[in-house]
Amino acid sequence: QVQLVESGGGLVQAGGSLRLSCAASRSISNLNNMGWYRQAPGKQRELVAVIISGNIIKYSDSVKGRFTISRDIGKNTVYLQMNSLKPEDTAVYYCNTRGLGVRGSYDYWGQGTQVTVSS
């Protein structure tokens, strides 16, 4: 069992920046996938960015070049640096980790943090 807690969301004007953090309650293997998803009202949840097996990074086309995902292994924390924010980035952002560990597969989600971008 792994608890994920997101933080760093808030209200920001278009063009501004926010840094989201996702803290895990315990160690996560480098083989784990860790990523960020978001869901806007009335829309499906979508992938924003993910670190696959600790070394492969993928971004949604809509955020590529503006957002950066990173992970601090020692702190069991994944970050999402969001720059040049746009109103369409407004959503609840969720942290996720999934993969295959020593005890089998797992899939955990945080409760989300609200990001609102005003114009």
Side-chain angles (χ1 to χ4, degrees):
Q1 181 70 34
V2 178
Q3 302 292 327
L4 302 175
V5 180
E6 302 96 335
S7 62
L11 175 64
V12 64
Q13 291 185 327
S17 299
L18 285 173
R19 182 180 176 87
L20 305 184
S21 298
C22 172
S25 61
R26 69 179 193 184
S27 298
I28 299 176
S29 170
N30 290 339
L31 296 177
N32 294 344
N33 301 329
M34 298 193 72
W36 291 93
Y37 293 74
R38 68 185 182 187
Q39 186 169 22
K43 296 184 178 180
Q44 294 292 111
R45 183 175 55 198
E46 65 175 345
L47 176 68
V48 176
V50 63
I51 302 174
I52 302 174
S53 299
N55 52 30
I56 302 172
I57 299 177
K58 293 185 177 181
Y59 295 96
S60 166
D61 289 340
S62 64
V63 307
K64 195 171 185 178
R66 299 187 297 119
F67 292 9
T68 302
I69 187 171
S70 62
R71 183 169 65 182
D72 187 325
I73 298 176
K75 295 182 178 180
N76 298 318
T77 301
V78 64
Y79 304 95
L80 184 67
Q81 179 66 48
M82 305 185 294
N83 299 325
S84 302
L85 283 162
K86 305 175 181 179
E88 50 263 45
D89 294 319
T90 296
V92 177
Y93 284 70
Y94 297 92
C95 180
N96 168 257
T97 181
R98 66 180 66 170
L100 181 63
V102 296
R103 296 185 294 176
S105 62
Y106 54 88
D107 187 0
Y108 300 107
W109 292 85
Q111 294 184 340
T113 184
Q114 177 70 48
V115 172
T116 302
V117 184
S118 63
S119 60

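Hydrogens, waters and symmetry mates are skipped; everything else that's a heavy atom, side chains included, is used.
- In this structure, CH2 in Trp36 is found 11.0 Å from CD1 in Ile51, a value given to the nearest 0.5 Å.
- Expressed to the nearest 0.5 Å, how far NZ of Lys75 lies from OG of Ser27 amounts to 14.5 Å.
- Put simply, the residue from Thr77, Val5, Val78 that forms a side chain to side chain contact (heavy atoms under 4.5 Å, CB included) with Cys95 is Val78.
- The distance from the CD atom of Glu88 to the CG atom of Leu85 is 10.0 Å, given to the nearest 0.5 Å.
- Summarising the geometry of Asp89 relative to Arg66, their closest heavy-atom pair is OD2-NH1, 2.8 Å, with the distance given to 0.1 Å.
- The structure places CE of Met34 at 13.5 Å from CD1 of Ile52, a figure rounded to the nearest 0.5 Å.
- Under the 4.5 Å side-chain heavy-atom criterion for Ile, Leu, Val, Met, Phe, Trp and Tyr, Leu20 and Ile57 are members of the same hydrophobic cluster.
- When the options Leu80, Val63, Leu47, Thr90 are evaluated for a side chain to side chain contact (heavy atoms under 4.5 Å, CB included) with Arg38, the one that passes is Val63.
- Between Val12 and Met82 there is no side-chain heavy-atom pair separated by less than 4.5 Å.
- Ala14 and Ser119 get closest at one heavy-atom pair: CB-CA, 4.3 Å.
- In terms of modelled atom types and a separation under 3.5 Å, the side chain of Asn33 and the main chain of Ser53 share a donor-acceptor contact.
- Side-chain contact between Asp107 and Asn96 is present, with heavy atoms from C-beta onward closer than 4.5 Å.
- Using modelled atom types, one side-chain atom of Glu6 and one backbone atom of Gln111 make a donor-acceptor pair closer than 3.5 Å.
- Separating the OG atom in Ser105 from the CZ atom in Arg98 is a distance of 11.0 Å, to the nearest 0.5 Å.
- Aromatic ring pairs are classed by plane angle as parallel below 30°, tilted from 30° to 60° and perpendicular above 60°; the pair Trp109 and Tyr94 is perpendicular.
- Taking OG of Ser17 as the reference point, atom CZ of Phe67 lies at 9.5 Å (rounded to 0.5 Å).
- Two residues are said to be in side-chain contact when any heavy atoms from C-beta on lie closer than 4.5 Å; Tyr37 and Val92 fail this criterion.
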